[in-house]
Amino acid sequence: MALVRKGSRRITVDGVTYRWRLRGRPTYAQGMTWSPLTYAVDHAETPGTTLVITTSRPHPSDWLASPTTPVLPAEVAAGIRAARARGWTPESHGGPFRLDR
């Protein structure tokens with residue numbers, strides 16, 4: 001499934017362009033801080049398998065105003081490199097590739 005273009009940001013890692021997106025509004029579980037922040041990454045030109053990165057911090061818009069830090073492009077790039085090292089092939093089709101950080 002391809003990532004929605006609206007709200008996604010472009011990032012180039014090792015000469016390859018990707019799109020990444022953080023969900024604007026938290027899910028109910030994220031809003032209650034029961035589940036952590038996740039964001040998705042896709043290949044920009046030929047989207048295939050979506051990379052879903054799970055962090056250890058709460059969503060920035062959670063309802064309990066928990067202290068958190070923003071997702072920075074350097075963190076996204078590091079996640080992409082780690083996923084590629086673990087076998088993520090973004091151009092191939094298939095289910096989401098999950099990476100816990």
- prompt: Can you name the nearest heavy-atom pair linking Gly31 to Asp62, along with the distance?
  reply: O-CB, 3.6 Å
query: Taking all non-hydrogen atoms of both residues, which atom of Pro36 and which atom of Thr55 are closest, and how far apart?
result: CB-O, 3.1 Å
query: In Å and rounded to the nearest 0.5 Å, what is the CZ to CD1 distance from Phe97 to Ile53?
result: 10.0 Å
statement: One should read off an interatomic distance between Arg23 CZ and Gln30 CD, to the nearest 0.5 angstrom, of 7.0 Å
- prompt: Under the salt bridge (charged side-chain N to carboxylate O under 4.0 Å, His left out) test, which residues partner Asp14, sequence neighbours left out?
  reply: Arg81
field: Exercise: identify the closest heavy-atom pair between Pro58 and Thr68
entry: O-OG1, 3.1 Å
- prompt: Looking at residues at least two apart in the chain, or sitting in another chain, which of them share a side-chain hydrogen bond (donor to acceptor under 3.5 Å, both in side chains) with Thr46?
  reply: His43
- request: Report yes or no: do Val41 and Val52 belong to one cluster of Ile/Leu/Val/Met/Phe/Trp/Tyr joined by side chain heavy-atom distances under 4.5 Å?
  value: no
message: Run Tyr18 and Asp42 through side chain to side chain contact (heavy atoms under 4.5 Å, CB included) and show every step you take.
response: CA-CA 6 Å; Tyr18 301 93; Asp42 252 350; over 6 Å; no
Distance (rounded to the nearest 0.5 Å) between Met32 CE and Trp63 CH2: 7.0 Å
- prompt: Do the rings of Tyr28 and Trp34 sit parallel, tilted or perpendicular, given the 30° and 60° boundaries?
  reply: perpendicular
statement: side-chain contact (heavy atoms from CB on, under 4.5 Å) test vs Ile80 passes for just one of Leu99, Ile11, Val16, namely Ile11
query: Which pair of heavy atoms, one from Thr50 and one from Ala40, lies closest together, and at what distance?
result: CG2-CB, 3.9 Å
message: Just to verify, what does Thr38 make a side-chain hydrogen bond (donor to acceptor under 3.5 Å, both in side chains) with, not counting sequence neighbours?
response: none
field: Minimum heavy-atom distance Arg101-Ala78, with the two atoms named
entry: NH2-CB, 3.8 Å
field: Between OH on residue Tyr39 and CG on residue Leu51, distance to nearest 0.5 Å
entry: 8.0 Å
query: Listed by chain and number, what are the salt bridge (charged side-chain N to carboxylate O under 4.0 Å, His left out) partners of Arg57, not counting sequence neighbours?
result: Glu75
message: Rounded to the nearest 0.5 Å, what separates atom OG in Ser8 from atom CZ in Arg19?
response: 4.0 Å
- request: Kindly write out the residues that satisfy salt bridge (charged side-chain N to carboxylate O under 4.0 Å, His left out) with Arg98, not counting sequence neighbours, or none if the list is empty.
  value: none
- request: For the pair Thr49 (side chain) and Ser92 (backbone), establish whether a donor and an acceptor sit closer than 3.5 Å, ignoring hydrogens and angles.
  value: yes
field: For Ser61, side chain to side chain contact (heavy atoms under 4.5 Å, CB included) partners two or more places apart
entry: Pro26, His59
